[in-house]
Amino acid sequence: MTDFNVDLTNCEQEPIHILGNIQAHGYLLVLSPDTYEVVHASSNLPDLVGRPVADVLGQSLDTLLANTDLPASTLVELLNVGQRSASWENLGPQQIRLNERTWNLIIHQHDGLLLLEWEPASATTQVPINQRLIAEALTEVQASRQLVDLLQNTARRVKTIIGFDRVMVYRFAADWHGQVIAEEKEPHLEPFLGLHYPASDIPKQARELYKANLVRLIADAGSPTAAILSKSDWPADHPVDLTYSTLRAVSPVHIEYLKNMGVGASMSISLLYRGELWGLISCHHYSPRFVDYSSRQAAKFVSQLLSAALEFRKDEEDQTQSRLSLENGKVLHEQLLTEEDVVRALTRHAVTALDITTATGAVLVFNNRQYRMGQTPDEAAMDGLMHWLASTDTDTFLETSQLASLYPEAESFRATGAGMLAIVLSREMNEYLFWFKPEQIQQVTWAGNPDKPVTVSDDGTARISPRKSFAAWTELVHNTSQPWAELEVAAAVKLREDILQVVNRRANEIRLLNQRLTDAYEELDAFSYSVSHDLRTPLSSIRCYAEIILEEYGQELNPDARLLFQKIVDSTDRMRALIRHILYYSRMGRTEVNTQSIDMKPLLQAIKEEVMVSEKGRALTIQIGDIPPLMGDPIMIRQLFTNLLSNAVKYTQLVPEAHIQVVGEQSDQDVIYTVSDNGIGFDMKDAGKLFDLFKRLENARSFKGSGVGLAIVKRVVNRHGGKIWYHSEPNRGATFHVSFPISTMNHD
């Protein structure tokens, strides 16, 4: 028996944006943007300009167009206009007459080159028909129909515009497999509605291209491609990047896939939600079919209307769920403040901890007892689950919709707990709050067996091939629940802060944490003494000696030596700043809180001016909204907001236009301030140690920082009896909420 070592990820590693070929129904010309010299051309270009490719590579446009009826000056003028406007998309495709034919010339600039793509223009225009269909689609979106009707009507309109045999709306799941959720087809074709397709059908790099290039046409799956030829001195390791090309050739693996399905032409239109790929409008024709640029753009516009409708409806759903979670969270907070018993506050009222999520069961583990709400695993199962959770590195929360994949014993209670969200109240005291979602057994019908077959070439190499059969293939999916929404995780993290605030306020002196805090303070005192006496003095000496050498002998040193001494001075400055932050963090634990009324508007304005001083030249806006006054220690509060604003400024450095906002509101119990930005954000799953000393998240390591700032923020909040919570998504900014009770007390 032969043992083949098959790379299951070979499809995902295929460089489909630099395949080196284009589809043969069009022509590619690549120019230098400075000289308009021809640096690349498709091998079929002679059919367009009547000259061999070898004769035009490295030549000017005059040479390229010498045998045509198109003056080179006309094309040069068009290119000049596009370069001056610096926006080829706004310029749009140009209809050009060349050798008595009309062409759509599509131009874009990428990777330091100008790419000119020539496509046949339709002999008869469909613009009035397309405009009518677009207007009808817009009216439909505004009418707020059911989503299923909107998807079906969109498929029908796209089919009318492009004339394909089959148009499907294909939605991606969390694991990137897809399902056909709407379909419009010719009557004689078998339906694909409801079928699932494995994630490997559209690998990761293809999904990234769908986000960059929203419309993708394969006019003839069986047609030979045209190779891209380069001038003689072009580096072989720098092929033409066709990411934004309309003519980009197709991966041989995908061509094989289409042929196995009997598809002669295909077209895909991306559906986006908040900039991410939500699904595709996938179109099949069972013979070759070219769709001209105007019809493709009309179909693209209809899909963009659908994307906008999806975003609107999803935001509406999120707002409804967010409002319900927020209202129930407030009720729980009030119950925690008024009840003497934490357990009663969370489990014995009309609103319980279960009500801040869509879970069907919840278990509070507190003071060595379990308290159940809804449908949950039994006590023995919970004991095993807690023992496992204690062995993980979970410090704040853990969420999963496939608990059995992490904890195999969970399969025994999948009917009530296939999915779990847990917050840690105290690892030392073995106290947690769990939410559970039941298993949703899914009968998934795939378009053929989703496991890719292995084929062996003549040389004995094994590779993954597209499947040849697309007959319905059904399997049952177990041990999976509905996924946890970001809003549910955020609500759980907020409730954790509420619980810990009450627990620490009422029972701090009798809990194990008290002794640990005492030990930590003693260690911190010793460390502070060491920092202030044993580190600061020699550090100052190092800086002083380095400055003396620079001043006294600077002219005699070579530039590299002067640079090294300057680095010594700069490094000591950074070390002194870090020591200062650590000392501030240490002293804050013992300094009395000097509570007084603080007018927050001028304080925040002053902080804003300070942090903006070093950010000149950036497109940075810091907006300070309605800000209620606060009872607190002015020095500590200033330090808190300086750190929050400085972080927001720092982590928006990569954003072209940075926006930071500070707002506040006051209720009967507390004052809440919110600092939000549009920076790099972070993954909520990785943020469990966000406020720990010297802890920095992975995506923040490239930014300068000491890892002390948020620890100081957390300590200031604790000293004022307040709370801090947060919500963020990667590359979608971060929002921090800080609340202070109306009657501020020292709780650290």
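Every residue two or more places apart in sequence or in another chain was checked for a salt bridge (Lys or Arg N to Asp or Glu O under 4.0 Å) with Lys608, and none qualifies. Annotation: side-chain contact (heavy atoms from CB on, under 4.5 Å) contacts of Glu379 (sequence neighbours excluded): Gln370, Arg372, Asp383. The ring-ring contact (aromatic ring centres under 6.0 Å, His included) test applied to Tyr170 returns Phe172, Tyr197, not counting sequence neighbours. Checked against side-chain contact (heavy atoms from CB on, under 4.5 Å), Ala212 has the following partners two or more places apart in sequence or in another chain: Thr243, Tyr244. Every side-chain hydrogen bond (donor to acceptor under 3.5 Å, both in side chains) that His333 has, sequence neighbours left out, goes to Lys723. Every residue two or more places apart in sequence or in another chain was checked for a salt bridge (Lys or Arg N to Asp or Glu O under 4.0 Å) with Glu409, and none qualifies. For Glu276, the salt bridge (Lys or Arg N to Asp or Glu O under 4.0 Å) criterion is met by Lys211, not counting sequence neighbours. Scanning for side-chain hydrogen bond (donor to acceptor under 3.5 Å, both in side chains) contacts around Ser412 gives an empty result, with sequence neighbours left out. Residues passing the side-chain contact (heavy atoms from CB on, under 4.5 Å) test with Ala381 are Pro377, Asp378, Phe413, sequence neighbours excluded. Shown here are the side-chain contact (heavy atoms from CB on, under 4.5 Å) partners of Gln623, two or more places apart in sequence or in another chain: Gln661.
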What donor-acceptor contacts under 3.5 angstrom involve side-chain atoms of residues 345-352, with partners at least two apart or in another chain?
from: Thr347; atom 1: OG1; to: Val343; atom 2: O; distance (Å): 2.7
from: His349; atom 1: NE2; to: Glu339; atom 2: OE2; distance (Å): 2.8
from: Thr352; atom 1: OG1; to: Leu354; atom 2: N; distance (Å): 3.3

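Applying the ring-ring contact (aromatic ring centres under 6.0 Å, His included) definition to pairs two or more places apart or across chains, those involving residues 382-410 are Trp388-Tyr407.
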